[in-house]
Engineer: 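My questions all concern the structure below.
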Amino acid sequence: MTARTGRHFLQIPGPTNVPDRILRAIDNPTIDHRGPTFAELGREVLAGIKTIFVTDNPVVIFPTSGTGAWEAALVNTLSAGDAVLLCETGHFSNLWREMAGRLGLNVETLDGDWRHGADPASVEEALRQDGGRRIKAVMVVHNETSTGVTSNIPAIRQAIDNAGHPALLMVDVISSLGSIDYRHDAWGVDVTVGGSQKGLMLPPGLSFNAVSDKALAAAETGGMPRSVLDWRPMLDAGKNGFFPYTPSTNLLYGLREAIAMLHEEGLEAVFARHARHAEATRIAVRGWGLETLCQSPNEHSNALTAVVMPNGSGADDFRKRVLSAFDMSLGAGLGRMTDRIFRIGHLGSFNDLMLAGTLAGVDMGLQLADVPHTRGGLDQALSFLAKTSAEAGA
Ligand code: PLP
């Protein structure tokens, strides 16, 4: 293996770069998770994480990756045989659908083309057709990480309300939390599913369920047989800052630091930074004469950009060349997009020069791999960054 110098560029759309401050926070002695010092940490993170989901209700923290929190959302609120309505937006919506099927739920899918977000009109229509109120939940991925398309959650909420339907609204924010504006309470979401390894800038290993009163009531009286993912013992122990079984103590140190960092910058500023970097990336893509997978101007993701390879060029070969030549990891196309797109992650702990380096790596890779493109994309993106920098605005 070739010796590498400098920092690897981890520009997949999560896991993202873990900033030094968080690494230092994690690098502390593990403590007694039933002792008083832990209770202080537990109380701090359980209160702090609510400010990121923008909720006054509890948020449950699981020692699993996001997939565990997907399952927790379903098993705490639904029973085998219940119907659920899933908006297909890409690979991750489809994985969630498969999980729901494996748990015995009856999944009705609103098909999508992977280039647009969830369609509120179709949700409203499907719920209006459901006179018998068989559908117990609507499942949507807010930011579809496999396509770079963000769905309009308030519009989905409105669609459910327009239909006067009692279904729970479940939203996956695994790749939008801490990167793209999201409000659990104000948007009327019943279960929000988050993960640690993207906008929260942490390593993989923690996941979250923010829950509404309606979801809590559903969990009290129903749900599937469950144990490790049961909200109830989590919520009970959490009142005193504890967990019912051994928590990921060191990741919780990191979470405390991540929450502090997001508030030092300010959530509005965090979202604006992501929006500006996403815009710069799209300018580069247009300048290269390439196409983004997302086709709706108002649904572009601010966390990542999926780029369609021109005919005849394989995305996986391109990514391999970039990794080998410049030590940068780009996201692969997933599912039906395998080898057809590559994904640029621009979320988490990130700044202008990191984006400039990322886009330079893509630009050099396009040349190296003989991918048909026009020159100038990188320059245009850099000019945009210069023109819109804090200094230029001062
Ligand atoms: N949902 C979305 C939108 C994701 O991006 C991912 C992972 O990237 C998942 C779910 C699955 O989460 P995990 O891989 O953390 O289990």
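Order of appearance sets the numbers: ligands from 1, and atoms from 1 within every ligand.
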Engineer: Is ligand 1 less than 4.0 angstrom away from at least one heavy atom of E144?
Structural biologist: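 The answer is no: ligand 1 sits nowhere under 4.0 Å from a heavy atom of E144.
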Engineer: Looking only at protein heavy atoms, which one is nearest to atom 8 (O) of ligand 1, and what is the separation?
Structural biologist: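 Checking every protein heavy atom, the shortest distance to atom 8 (O) of ligand 1 gives K198 NZ, 2.7 Å.
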Engineer: Tell me which protein heavy atom sits closest to atom 11 (C) of ligand 1, plus the residue, atom name and distance to 0.1 Å.
Structural biologist: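 Heavy-atom neighbour on the protein nearest atom 11 (C) of ligand 1: T67 OG1, 3.7 Å.
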Engineer: Check this for me: does any side-chain nitrogen of one of D20 and R7 sit under 4.0 Å from a carboxylate oxygen of the other?
Structural biologist: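 Yes.
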Engineer: Take the angle between the ring planes of F342 and F318 and call it parallel below 30°, perpendicular above 60°, tilted in between.
Structural biologist: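 If you compare the ring of F342 with that of F318, the planes turn out tilted.
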Engineer: Hey, mind stepping through R21 and E265 against salt bridge (Lys or Arg N to Asp or Glu O under 4.0 Å) and telling me if it holds?
Structural biologist: CA-CA 14 Å; R21 247 178 91 172; E265 186 176 353; over 6 Å; no
Engineer: Treating N351 as the side-chain partner and L353 as the backbone partner, does any N or O pair qualify as donor plus acceptor under 3.5 Å?
Structural biologist: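 Between the backbone of L353 and the side chain of N351 there is a qualifying donor-acceptor contact (under 3.5 Å).
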Engineer: Counting from 1, what ligand 1 atoms have a heavy atom of Q197 closer than 4.0 Å?
Structural biologist: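 Going through ligand 1 atom by atom, the ones under 4.0 Å from Q197 are 13 (P), 15 (O).
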Engineer: Locate the shortest heavy-atom distance separating M354 from T358; write the atom from each residue and the value.
Structural biologist: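 Shortest heavy-atom contact: O-OG1, 2.7 Å.
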Engineer: With only distance considered, is F92 within less than 3.5 Å of ligand 1 through an N or O on each side?
Structural biologist: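 Checking ligand 1 against F92, no N or O pair falls under 3.5 Å apart.
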Engineer: Mark the output for W70 as yes if a heavy-atom distance to ligand 1 is under 4.0 Å, and as no if none is.
Structural biologist: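 W70: in contact with ligand 1 (<4.0 Å).
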Engineer: Counting each atom of ligand 1 from 1 as listed, which ones have a heavy atom of N143 under 4.0 Å away?
Structural biologist: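 So the atoms of ligand 1 that pass are 3 (C).
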Engineer: So if I count the atoms of ligand 1 from 1 in the order they appear, which ones are less than 4.0 Å from some heavy atom of S65?
Structural biologist: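 In order of number, 13 (P), 15 (O), 16 (O).
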Engineer: For ligand 1, which atoms, with element, lie under 4.0 Å from some heavy atom of T145?
Structural biologist: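 Going through ligand 1 atom by atom, the ones under 4.0 Å from T145 are 2 (C), 3 (C), 4 (C), 5 (O).
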Engineer: Salt-bridged, D113 to R115, with N to O below 4.0 Å?
Structural biologist: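 Salt bridge absent between D113 and R115.
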Engineer: Do the ring planes of H142 and W187 sit parallel (below 30°), tilted (30 to 60°) or perpendicular (above 60°)?
Structural biologist: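 Rings of H142 and W187: perpendicular, over 60°.
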Engineer: Give the atoms of ligand 1, by number and element, whose distance to some non-hydrogen atom of D172 is under 4.0 Å.
Structural biologist: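 Counting atoms of ligand 1 from 1, those under 4.0 Å from D172 are 1 (N), 2 (C), 3 (C), 10 (C).
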